[in-house]
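Residue numbers begin at 1 in each chain, while the letters A, B, ... track the order of the sequences. This structure is a prediction, so every number in the text was calculated from the model and none was measured.
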Amino acid sequence: MNSPGPTAEQVQLEVYRKVVTIRFAELRIREHVEKEGFGGFWHPGIGQEGLQVGAVSAMQPDDYLYYAHRGLGYAFAKGMELEPLFGDLLGRRTGSTGGKGGGTVHFADASRHVMGQGGTLGSSFVMGAGTAAASQLLGDGRVTVVFFGDGASGRGTWHEAALQASVWKLPVVWICENNGWALSARFTEQSPTEHVADRAPAYGIPGVVVDGQDAMAVREVTLEAIERARRGEGPTLIEAKTLRIRGHYEGDRQPYRDDPVLGDEIPNDPVHRLGEGIADDVRRGIDAEARALVDRAFDAALAAPRADDSVIFEDVWA
Amino acid sequence: MSAAAATTDRVIGYSRAINEALAEEMRRDERVWMMGQDIGRLGGVFGLTRGLLDEFGPMRVRDTAINETFIVGGAAGAALAGTIPVVELQFADFLFTAADEIFHKLAKWRYMHGGQFTMPVVVRLPTGVVGGAGAEHSQSLETIAMHVAGLKVAVPATPSDAKGLLKAAIRDPDPVLFFEHKGLYRVKGPVPESDEHVVPFGSARIARPGSDLTVVATGLMVDRALAAAEQLAPQGIDVEVIDPRTLVPLDIDTIVSSVERTHRLMVVHEASRTAGFGAEIAAQVHERAFFALDAPVWRVCGTDTPLPQDPDLEQACIPSTDEIVTAALALAAI
């Protein structure tokens, strides 16, 4: 294969397209939750889409993804369609989990190596390291990327995974979305160090801090970490600094929050930053297509049948 | 190997049988690999993995740090990526140390994600009292594993079953908790020579046929129930001993049909009495065979206490052959 890769401009257009699509998806979901109520918890990722899409854009299709619970950016960037993602959110049979995943926290697509998520934060530290150990054993050249929040960085599983992955030089990249809040706990009050990435040297791995609102910067550091992992040089910890614009879940009134609640304002909005270099008419075209895509997928998911009792006994055993 | 030799039974130890199962399955399928503490260079604290590092190398027999959440959680992640991890926790008690990984990740990942993944992981768990290992290294926790849907549970009592069930476990697409009894590691018994000696899950073994009283026992308790049966025979009580071999799936049909013949049932287990698997078997037999029973279902079980470290006190906390005999005489007299 000698075909040249996409140009920087093409990459940025594609990242923009995905980020803005997820932005419209975020807004559509919020509208639904506010109007219709909702049986589960929706953990909005608005404002964090840029880092999610930027990082995943650095992955190869065969690389493995363990995402975190803030939104849909990770999975959409890895190639999942919106309708099954909305289907999971709405408890539809057409959801990627057939209606069992609940909310949006357990979507998966085995064919695209979107590996799912546990309900207990921090469990993907060890699972991702294990997936990387399988790649090392099989020699399949794949890298595993694991997202987590600043809150999950408190889990002991981080220590067990980071230690073993570094000793074994496993092909895994950990990406912390540090949005400053773990539900009601401020990161600054729960961390002895300024950055999560400050902990990396203890494990003999690189720790990289990047502006999480700058999607292309996140892509660059992730590319470097993935290539390092693929060369057999072991894991990297990336920390993308971002902001939690909304509550822990949509509807969270955040009585604990004494900083100005951001609400709808997205400082340093990744959508705007990515859009700056794109001609207005091109950008407007992408926006219109993205909005239409979201509306079509959401309407289709709404129209799909709900999962009924028959799913309860499915998939307990292989 | 000749065809005749392939079906010959040899007498080997329970430990050796497990070691053979591991080696044969790793030869058969290169996706099978192992990790755990001290399993490589040392060959395991109980010697179960001796020789495997030499044969299969450090990428397939991997020594880990003391990190049970990684050992089990990493196995879960490695199973999703096309390998078959067989991991060892040094003591079954450490399933609490890796509880989230066992009861959530292994048990539920497939279900939560709509059946898109399989989770072919075997967790080997040296279980039970072994002589002074103490309260956190001696427990029988198989009932806890039964209570959380999504885990299969094997409790081999003989070398033959240890080998055949472990091979079945490694070939099973679902996660298996494999409770190897530490007190049986040195016990010897006949084991078929065949590489295809696979004991299917969910098939109980009638360890001793009898007509007067059914005793269901697992692990170390099977030998004690058999010894009790030999003492009871001259007293005119013909005991049938059933070893379920796996608790998930549980072969309740074999137990019920035995009770329909003997009309009396006693469950013997080393695990604590309260909410042990004896309670579950008693309940199921009452539901299915109430009118076949001539007497209540009795349980002879471990005490509802932590296990003391002193070896004599420890034995006093689990059923002895004498206790089984005494209980059986009383139950038969009802």
For this session: Begin from the C-alpha positions of Tyr74(A) and Gln117(A) and carry the test side chain to side chain donor-acceptor pair (under 3.5 Å) through to its verdict.
Result: CA-CA 12 Å; Tyr74(A) 335 85; Gln117(A) 183 178 223; over 6 Å; no
Any chance you could measure [X], atom [atom1], to [Y], atom [atom2], to the nearest 0.5 Å?
{"X": "Gln284(B)", "Y": "Ile252(B)", "atom1": "CD", "atom2": "CD1", "answer": "4.5 Å"}
{"X": "Arg50(B)", "Y": "Leu42(B)", "atom1": "CZ", "atom2": "CG", "answer": "7.5 Å"}
{"X": "Tyr66(A)", "Y": "Met127(A)", "atom1": "OH", "atom2": "CE", "answer": "4.5 Å"}

Exercise. If you check every heavy atom in residues 164-179 of chain B against those of chain A, which residues fall under 4.5 Å?
Worked result: Pro173(B), Asp174(B)
Exercise. Any chance CD1 of Ile66(B) has more than 12 other-residue heavy atoms, nucleotides or ligands included, within less than 6.0 Å?
Worked result: no
Exercise. Around Glu136(B), counting heavy atoms of other residues, nucleotides and ligands shown, do more than 12 lie under 6.0 Å from its CD?
Worked result: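 Open: at most 12 neighbouring heavy atoms sit under 6.0 Å from CD of Glu136(B).
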For this session: Could you tell me how the ring of His113(A) sits relative to the ring of Tyr64(A): parallel (under 30°), tilted (30 to 60°) or perpendicular (over 60°)?
Result: parallel
Problem set entry | Whether Phe148(A) and Trp158(A) hold their rings parallel, tilted or perpendicular, with breakpoints at 30° and 60° |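 Plane angle under 30°, so parallel.
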[X], part contacting chain A, at a heavy-atom distance under 4.5 Å:
{"X": "Lys108(B)", "result": "neither"}
{"X": "Gln116(B)", "result": "both"}
{"X": "Val248(B)", "result": "side chain"}
{"X": "Thr118(B)", "result": "side chain"}
{"X": "Leu106(B)", "result": "neither"}

For this session: For chain B, find which of Gly156(A), Gly118(A), Gly128(A) contributes the most heavy-atom pairs closer than 4.5 angstrom.
Result: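 That would be Gly118(A).
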For this session: Could you tell me which of Thr157(A), Asp140(A), Thr144(A) has the largest number of non-hydrogen atom pairs under 4.5 Å with chain B?
Result: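 Looking at each option in turn, the highest pair count goes to Thr157(A).
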For this session: Answer yes if the ring centres of Tyr203(A) and Trp174(A) are under 6.0 angstrom apart, and no otherwise.
Result: no
Exercise. Do the two ring centres, one from Phe96(B) and one from Phe91(B), sit under 6.0 Å apart?
Worked result: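 Judged by ring-centre distance (under 6.0 Å), Phe96(B) and Phe91(B) do not meet the cut-off.
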Using non-hydrogen atoms and a 4.5 Å limit, figure out which bit of [X] sits close to chain B: side chain, backbone, both or neither.
{"X": "Leu138(A)", "value": "side chain"}
{"X": "Val311(A)", "value": "backbone"}
{"X": "Ser124(A)", "value": "neither"}
{"X": "Val172(A)", "value": "neither"}

Exercise. For Asp63(B), which of Met35(B), Gln37(B), Arg41(B), Met34(B) qualifies under side chain to side chain contact (heavy atoms under 4.5 Å, CB included)?
Worked result: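 Going through the options one by one, the only one that passes is Arg41(B).
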Exercise. Is Arg27(B) salt-bridged to Glu24(B), going by a charged N under 4.0 Å from an acidic O?
Worked result: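 Looking at Glu24(B) together with Arg27(B), the answer is no, because their closest N to O distance does not fall below 4.0 Å.
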Exercise. When heavy-atom pairs shorter than 4.5 Å are enumerated against chain A, which of His104(B), Lys105(B), Met119(B) gives the highest number?
Worked result: Lys105(B)
For this session: Determine the option with the most heavy-atom pairs under 4.5 angstrom with chain A, choosing from Ala149(B), Ala79(B), Gly77(B).
Result: Gly77(B)
